[in-house]
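First up is the structure itself, then whatever we jot down about it.
For ligands, and for the atoms within them, numbers begin at 1 and follow the listed sequence.
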Amino acid sequence: MDMKRKTNIVLIGMPAAGKSTIGVLLAKKLGLSFMDTDLVIQAREKKLLPEIIAQRGIDRFLELEERCLCSLGVTDSVIATGGSAVYSGQAMAALGGTGVLVYLETGLDALETRLSSLDSRGVVRSRGQSVADLYRERIPLYQKYADVTVPCGSMTPDQVLSTLMNIKQIVKG
Ligand SMILES: Nc1ncnc2c1ncn2[C@@H]1O[C@H](COP(=O)(O)OP(=O)(O)O)[C@@H](O)[C@H]1O
Ligand SMILES: O=C(O)C1=C[C@@H](OP(=O)(O)O)[C@@H](O)[C@H](O)C1
Ligand SMILES: [Mg+2]
């Protein structure tokens, strides 16, 4: 496998930004494979994400996620990462080596509406951290690692898809 060619499209962004929803639509449109790294972690651990986080704790979950993201070994794929992926510089370097990192940028208001329960979704956060706290902590990280930023807060999934399909770094052929 030629890992030097950047053939993947890697979606990063806050939880509920739409990485999983948009990722599969984009893969279908571009004729690429689709991988959701949350599902890879669940399959490897044989547990749901909220269970892993609740039972093993945040630090262990982040280690498992980093290990997963550094060992995906796929090409020609749209990869939907989990929102916490940006806590690992090593993982971002590995993913950035195989693909273009696309930040689905979503405003706080839309996220607060979509994220009704952080615990049942299994979000990595310290006790008492709100969606707004997480947003402030993470936005600089998504901005730091993004090759391309796509503002998509007030768009429907189809509108986000159309926007992505007009971006040169994403549609290379
Ligand atoms: N552009 C969008 N507009 C409205 N709702 C969206 C949009 N993208 C995703 N959603 C909804 O937000 C929720 C979270 O989306 P999801 O794809 O799981 O996000 P992520 O993988 O980034 O955590 C889902 O209920 C999904 O239907
Ligand atoms: O942002 C987070 O802390 C997380 C987001 C989840 O993925 P989504 O971003 O797909 O919701 C999942 O990786 C994990 O439960 C932690
Ligand atoms: Mg997801």
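Of the candidates M14, Q42, K19, R114, K19 brings a heavy atom nearest to atom 9 (O) of ligand 2.
Every atom of ligand 2 is numbered from 1 in the order shown, and the set under 4.0 Å from a heavy atom of G122 is 4 (C), 14 (C), 15 (O), 16 (C). Listed by atom number, the atoms of ligand 2 under 4.0 Å from L49 heavy atoms are 12 (C), 15 (O). Distances below 4.0 Å separate heavy atoms of R121 from the following atoms of ligand 2: 11 (O), 15 (O). The atoms of ligand 2 that sit less than 4.0 Å from any heavy atom of D38 are 6 (C), 7 (O), 8 (P), 10 (O), 12 (C), 13 (O). Residue contact check: F61 has heavy atoms under 4.0 Å from atoms 14 (C) of ligand 2.
Of all the heavy atoms of P157, the ones lying under 4.0 Å from any atom of ligand 1 are found in both the backbone and the side chain. When heavy-atom distances to ligand 1 are checked against a 4.0 Å cut-off, M14 comes that close only through its backbone atoms N, CA, C and O. Contacts of T156 with ligand 1, taken as heavy-atom pairs under 4.0 Å, involve the backbone alone. Of all the heavy atoms of R114, the ones lying under 4.0 Å from any atom of ligand 1 belong exclusively to the side chain.
By the definition of a contact as any protein heavy atom under 4.0 Å away, atom 16 (P) of ligand 1 is in contact.
For the pair R138 and ligand 2, a heavy-atom separation below 4.0 Å is found. Residue contacts with ligand 1: R121 is included, with a non-hydrogen atom under 4.0 Å away.
Considering both main-chain and side-chain atoms, G83 comes within under 3.5 Å of ligand 2 through a nitrogen or oxygen pair. Considering backbone and side-chain N/O of C152, none are found under 3.5 Å from N/O of ligand 1.
With a cut-off of 2.8 Å, the Mg ion (ligand 3) has no N, O or S atom of T21 in range.
Note that CD of Q55 is 11.0 Å distant from CD of E45, once rounded to the nearest 0.5 Å. Expressed to the nearest 0.5 Å, how far NZ of K19 lies from OH of Y103 amounts to 10.0 Å. Between the OG atom of S77 and the CG atom of L30 there is a distance of 11.5 Å, given to the nearest 0.5 Å.
Of all heavy-atom pairs spanning T81 and L69, the tightest one is CG2-CD2, 4.4 Å. When all heavy atoms of I22 and P157 are compared, the closest pair comes out as CD1-CA, 3.6 Å.
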